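Notes follow the structure.
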Amino acid sequence: MAEYNHSEIEKRWQKHWRETAAFRTPPAGESGEAERFYCLEMLPYPSGRIHIGHVRNYSIGDAVARNRRMRGYEVMHPIGWDALGLPAENAAIEQQTHPAEWTRKNIDAMRAQLQRLGFSYDWDREIASYQPEYYGWNQWFFLRFLENDLAYRKDGPVNWCPSCATVLANEQVEEGRCWRCDSEVEERRLAQWFYRITRYAEELLDGLDGLTEWPERVIAMQRNWIGRSRGTEIAFAIDGPEEAAPSDGQLRIFTTRVDTIFGATFMVVAPEHPFVRELLDGGELGADASMDIEELRAEVERLAAMPRRARRGEDIDKHGVFTGSYAINPFNGERLPIWVANFVLMDYGTGAIMAVPAHDERDHTFATKYDLPVRPVISLATEDPEPDGGDLPDLPFSEEGHLLSNCGEFSGLGTADARATMTAHAKTLGFGHGAIDYKLKDWGLSRQRYWGTPIPIIHCPACGVVPVPDEDLPVVLPADAPLDRGQGSPLERVESFVNVDCPRCGVAARRETDTMDTFVDSSWYYLRYLSPNDATVPFSKIEGDAWSPVDLYIGGVEHAVLHLLYFRFFCRALRDLGLLSVDEPTRGLLTQGMVTKDGAKMSKSKGNTVDPDEMVERYGADTTRLFVLFAAPPVRDLEWDERGVEGCARFLGRVWKLIEGEASSLPPVEAGFGDAGPSLPEPLAQLHRKVHETVRRVTRDVEERLQFNTAIAALMELTNACNTARQAVSIVEAGEHSWVYRLAFERLAVMLSVFAPHIAQELWTTLGHSEDLTRYPWPEYDPSVLQSDEATMIVQVDGRLRGRLVVPTDLADEQRLTEMAMADPVIRAHVEGRQLRRSIVVPGKILNLVTSP
RNA sequence: GCGAAAGUGGCGGAAUUGGCAGACGCGCUGGCCUUAGGAGCCAGUGGGCUUAGCCCGUGGGGGUUCGAGUCCCCCCUUUCGCACCA
């Protein structure tokens with residue numbers, strides 16, 4: 001018997017698959033009416049080496065892809081590289097190389113690693129986003145978005161580091177200082193490009209309901225992120241000094257609780273609110289102001305400077321200052337002081353609120369601190385609401401209830417009713433209307449980085465912002481940009497790139513030097529796999545429609561919001577551009593858990609990483625893949641324990657020994673399988689049943705439940721069952737019945753091939769087959785085999801297990817069964833002295849004798 | 001605070017969705033084989049007891065049911081995401 005030499009076997013079959021183009025997927029146009037299955041794994045960032053998390057991700061995807069091929073689907077299973085981004089730029093600076101060079105090297109190394117693992121990718125469709133042939137289409141989409149008002153340029157506040165002369169992302173500002181050079185970060189207004197994802201806010205939210213094959217968790221996170229709240233917008237007239245009144249003399253607020261408006265006792269605006277600037281520019285404060293205008297200016301600046309950063313649990317202190325102006329509550333004509341405070345945010349709602357301290361916790365805290373009046377207008381709901389009746393709840397009270405008698409014509413209404421009625425009232429009288437607000441903001445694209453997609457725009461002194469004409473795409477990233485840290489966007493200093501003639505009027509103009517967020521690349525890559533070499537379109541519509549939506553998308557849960565939201569947005573935008581005919585990019589989503597070691601996420605800094613190469617070297621790709629799937633169900637975190645690998649290695653060793661060692665005793669392939677008649681000796685009949693049961697379990701686990709750990713456990717059981725049967729009736733002894741062994745071995749090899757494809761294929765050959773398992777039909781099981789005519793029923797007395805009964809499977813006669821059970825002395829002893837009241841019969845399974853004393 | 005999960009042997013994890021709790025694997029114990037074993041094979045392995053059997057046992061407490069890891073109510077713990085969102 002040959003030794004199990006994994007590295008020789010794996011190399012040989014990988015070569016075979018490559019040479020026979022086993023995993024090539026023909027274009028949809030060529031494959032006609034075939035059933036299609038698109039199995040997609042999140043494309044890796046080429047950071048240098050594959051890590052265990054990748055192995056897990058791709059082993060899951062490969063098991064699914066291989067299973068679907070065997071099921072007769074035309075399977076799309078591609079891979080590529082998310083190759084633009086900051087790490088490459090930083091590494092290039094450190095190592096005095098070029099990001100393209102660094103990236104290419106990493107891709108080559110990682111591709112080799114993936115190939116050693118034997119994943120069934122169609123390598124002819126490989127893409128890399130750093131190639132102009134790829135990112136040029138990012139630019140093409142940008143221009144289409146621009147034409148459709150889905151892309152726009154807007155001035156906005158950004159974090160600016162004066163020493164580095166660059167914009168910093170919010171995450172790069174620590175305690176108001178630059179993470180790199182520690183200088184104080186300034187706020188600047190800078191023109192940035194945005195994608196108008198908010199146009200799809202409603203659709204993206206409603207679409208979540210249709211994503212029935214997505215994890216609840218991801219749905220919840222997206223819902224949360226989009227953050228829809230329905231409420232009312234109300235305009236309060238400003239009552240202040242003439243000069244200070246803003247343009248329209250109105251202060252507009254958004255509230256979800258217009259029913260509490262009679263309890264409003266003051267107003268609060270964000271420090272950045274236009275009203276504040278106009279007030280300060282107006283030069284005069286109201287008569288009641290507690291300070292002069294310069295003092296107020298200083299206070300407002302202080303409030304605005306309070307950083308809005310991540311907080312843990314406790315609220316930050318609320319600070320505010322009275323402006324000296326008032327606003328009129330349109331519902332009761334009351335004059336309310338207008339404050340400026342740090343807890344009101346300019347980028348949500350209208351940047352101004354009515355404060356109802358009796359019914360809002362934040363307003364209550366603020367009112368208490370500054371000694372502002374608190375007036376309850378809502379009390380607990382009762383069946384027969386009586387304004388003023390009953391005890392008032394503790395304040396602040398923000399639950400539902402009914403309105404007290406101090407709410408004019410609305411007194412006595414339930415809060416939900418009141419909101420509808422009062423919103424309608426506001427609309428009729430023209431000072432308000434129903435409104436929906438989202439937390440979702442438009443997608444800021446601009447990055448002051450080199451290693452990204454150049455934004456295809458030219459700034460002309462005469463024409464303004466001019467899009468690069470389609471025929472000039474792609475705008476190629478210049479290879480010779482000066483890369484060094486902290487000097488701003490490198491592209492600004494590449495004269496040959498920046499200086500360009502305006503495509504519209506021909507005068508000297510300047511190129512946009514910002515590049516795109518790399519999330520753009522990953523928002524549509526799954527479509528590029530379908531037409532990877534097409535120079536005329538980003539993807540063919542025929543292919544796009546044939547393969548969309550992706551049937552199963554597999555990746556880490558860390559992308560639950562940003563990537564997966566952009567991904568969904570792009571799909572809808574492409575649909576509206578007429579490029580695609582679906583609403584959602586994927587049907588199924590599997591978010592795999594993290595791989596941890598010593599209880600912590602694997603990371604280079606913690607030094608707890610595991611290099612898959614070592615494991616492949618030592619145990620082989622098959623064992624490595626089998627183990628990452630066996631150790632835990634895909635959605636759970638996986639705690640890495642090297643010792644478990646031994647178990648999987650032993651299992652494959654046992655399978656090898658079983659099939660390789662016994663193949664010569666089996667009947668030939670041509671002899672086929674016999675019929676399992678009554679003459680089949682019991683140990684073989686048992687094995688025969690086990691084979692069918694295993695097919696049933698593995699099929700369900702792989703195709704429906706995506707639970708590969710239990711599928712592999714079932715294959716282990718089948719292997720054990722083969723050995724058990726062998727002890728009773730060896731293959732030679734089985735004689736004419738030895739086809740049962742052939743059946744068991746073949747089914748084992750065929751099903752194993754989706755997890756451990758190399759050894760399975762090798763054993764398949766040993767079993768006398770010449771065909772490739774890649775498209776060999778997935779086995780079916782025969783339910784009738786699982787029906788044994790004898791069953792072991794368990795017998796309970798009052799729900800407790802007391803004995804067993806071997807009976808014909810379909811025997812359901814209560815009387816008869818009870819009599820049989822009572823023949824058992826143990827059971828009789830438990831029923832003795834008690835009255836048998838009734839029996840519960842689950843045919844073939846359970847007899848429960850219920851007694852009373 | 002809001003939202004989503006999860007809690008089962010020494011460990012990773014099973015349990016056909018209300019029907020034998022602990023499949024499968026790791027680890028551990030004993031045995032066989034071997035010059036040797038960090039190889040292989042066999043057996044055992046939730047806790048306890050007065051051991052043909054019995055009692056206890058799925059985070060805790062109640063409940064529904066002939067029967068609950070599974071369903072309902074309350075509570076505890078852990079993980080993740082969001083968080084001054086008006």
Side-chain angles (χ1 to χ4, degrees), chain A residues 215-225 227-229 231-232 253-258 260 268 270 308 310-318 341-345 347-356 359-363 365-366 398 437-439 557-558 560-561 593-594 627 630-633 635-648 650-651 653-654 657 693 696-697 700 705 707 709-717 719-720 723 727 792-804 825-826 829-830 837-842 845-851:
Chain A
E216 266 305 308
R217 184 154 72 125
V218 175
I219 301 270
M221 281 165 78
Q222 293 218 350
R223 188 167 281 137
N224 211 303
W225 187 268
R228 172 167 63 192
S229 53
T232 313
I253 61 107
F254 174 78
T255 177
T256 55
R257 291 298 302 267
V258 69
T260 65
V268 189
R308 192 190 162 196
R311 286 160 285 263
R312 285 178 228 99
E314 81 279 26
D315 291 359
I316 59 160
D317 287 340
K318 292 181 173 51
N342 62 340
F343 74 95
V344 173
L345 312 170
D347 58 6
Y348 186 75
T350 61
I353 62 160
M354 64 169 188
V356 186
H359 304 296
D360 182 282
E361 200 172 335
R362 294 152 303 175
D363 299 349
T365 310
F366 192 80
S398 49
D437 251 353
Y438 297 94
K439 280 199 277 182
V557 73
E558 65 270 21
V561 184
M594 278 190 313
F627 174 62
F630 180 64
V635 294
R636 273 207 223 182
D637 284 352
L638 166 58
E639 168 66 20
W640 191 256
D641 184 349
E642 203 89 18
R643 283 175 304 194
V645 183
E646 298 277 356
C648 287
R650 279 202 281 266
F651 165 61
R654 277 199 302 275
K657 209 163 104 179
E693 189 205 317
R696 183 179 62 92
R697 282 174 61 186
R700 197 173 62 103
R705 306 200 316 159
Q707 284 258 123
N709 55 331
T710 46
I712 293 164
L715 293 179
M716 289 174 169
E717 283 186 53
T719 306
N720 296 345
N723 284 322
Q727 280 173 22
T792 306
M793 289 180 74
I794 59 158
V795 182
Q796 300 178 329
V797 178
D798 295 321
R800 313 182 75 112
L801 176 66
R802 298 302 181 193
R804 275 159 224 282
V826 174
H830 279 99
R837 279 201 295 136
R838 62 170 167 142
S839 322
I840 309 283
V841 176
V842 182
K845 279 190 175 169
I846 280 182
L847 169 67
N848 189 8
L849 306 173
V850 186
T851 71

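Here is the naming used below: chain letters follow the sequence lines, and residue numbers restart at 1 for every chain. The shown structure was predicted, so the numbers you read here are calculated from the model rather than taken from an experiment.
Using a 4.0 Å heavy-atom cutoff across all strands shown, A/Arg705 reaches sugar-phosphate atoms only and no base atom. Using a 4.0 Å heavy-atom criterion, one finds that A/Val344 contacts the bases of the nucleic acid, with or without backbone contacts as well. Among the heavy atoms of the strands lying under 4.0 Å from A/Asn709 are primed sugar atoms or P, OP1, OP2 only; no base atom is included. Among the atoms of the strands shown, none is found under 4.0 Å from any heavy atom of A/Pro825. Here A/Asn720 lies in heavy-atom contact (under 4.0 Å) with sugar-phosphate atoms only. Nucleic acid contact class of A/Arg697 (heavy atoms, under 4.0 Å, all strands): none. No contact: A/Glu693 has no heavy atom under 4.0 Å from any strand. At the heavy-atom level, A/Asp637 lies under 4.0 Å from the strands shown only through sugar-phosphate atoms.
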Subject >> Sugar-phosphate or base contact per nucleotide [nucleotides 42-58 of chain B; S, B, -; heavy atom under 4.0 Å] >> reply: S-----------SSS--

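Regarding A/Trp225, its CH2 atom lies at a distance of 16 Å from the C1' atom of B/C2, rounded to whole Å. Straight-line distance from the CD atom of A/Gln796 to the P atom of B/G18: 16 Å, rounded to whole Å. In this structure, NZ of A/Lys439 is placed 12 Å from C1' of B/A86, rounded to the nearest angstrom. In this structure, CG of A/Leu638 is placed 17 Å from P of B/C80, rounded to the nearest angstrom. Counting to the nearest Å, the P atom of B/U65 and the CZ atom of A/Arg837 are 12 Å from each other.
With sequence neighbours left out, the ring-ring contact (aromatic ring centres under 6.0 Å, His included) criterion links A/Trp640 to A/Phe627. Taking the salt bridge (Lys or Arg N to Asp or Glu O under 4.0 Å) definition, one finds that A/Arg643 meets it with A/Asp641, sequence neighbours left out. By the ring-ring contact (aromatic ring centres under 6.0 Å, His included) test, A/Phe651 pairs with no residue at all, sequence neighbours left out. Qualifying salt bridge (Lys or Arg N to Asp or Glu O under 4.0 Å) partners for A/Arg223, counting only residues two or more places apart in sequence or in other chains: A/Asp209. Judged as a ring-ring contact (aromatic ring centres under 6.0 Å, His included), and not counting sequence neighbours, the contacts of A/Phe366 are A/Phe266, A/Trp339, A/Phe343, A/Tyr370. A search for salt bridge (Lys or Arg N to Asp or Glu O under 4.0 Å) contacts involving A/Glu717 returns A/Lys690, A/Arg697, not counting sequence neighbours. Legend: residues meeting salt bridge (Lys or Arg N to Asp or Glu O under 4.0 Å) with A/Arg257, ordered by chain and number and at least two apart, are A/Asp259. Residues meeting the side chain to side chain donor-acceptor pair (under 3.5 Å) test with A/Ser839, sequence neighbours left out: A/Thr818. In this structure A/Thr256 satisfies the side chain to side chain donor-acceptor pair (under 3.5 Å) test with no other residue, sequence neighbours excluded.
In B/G9 the O4'-C1'-N dihedral to the base is within 90° of 0, which defines a syn nucleotide. A syn base is found at B/U17: its glycosidic angle is within 90° of 0.
One side chain, A/Thr851 or A/Asp798, offers a donor N or O that lies under 3.5 Å from an acceptor on the other.
Going from atom CZ of A/Arg654 over to atom CG of A/Asn723 covers 8.0 Å, rounded to the nearest 0.5 Å.
Rounded to whole Å, the C1' atom of B/G25 lies 11 Å from the corresponding atom of B/A14.
In terms of position along RNA chain B, the nucleotide closest to A/Thr792 lies nearer the 5' end than the nucleotide closest to the other residue of the pair A/Thr792 and A/Asn848.
The side chain of A/Arg650 approaches B/C26 more closely than any other nucleotide in the set B/C26, B/G25, B/C66. Each of B/A4, B/G81, B/A15 was ranked by its minimum atom distance to the side chain of A/Glu216; first place goes to B/A4.
Secondary-structure annotation of RNA chain B gives the stems B:1-7 with B:76-82, B:10-12 with B:24-26, B:27-32 with B:40-45, B:46-49 with B:53-56, B:59-63 with B:71-75, with a stem taken as at least 3 successive Watson-Crick or G-U pairs whose two distances both fall under 3.5 Å.
Between A/Leu847 and A/Met793, the shortest heavy-atom distance links the atoms N-CE, 3.9 Å.
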What nitrogen or oxygen pairs link the protein and nucleotides 6-10 of chain B at under 3.5 Å?
none

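In the interface, the side chain of A/Arg643 is not paired with the base of B/C11 through any donor and acceptor atom under 3.5 Å apart.
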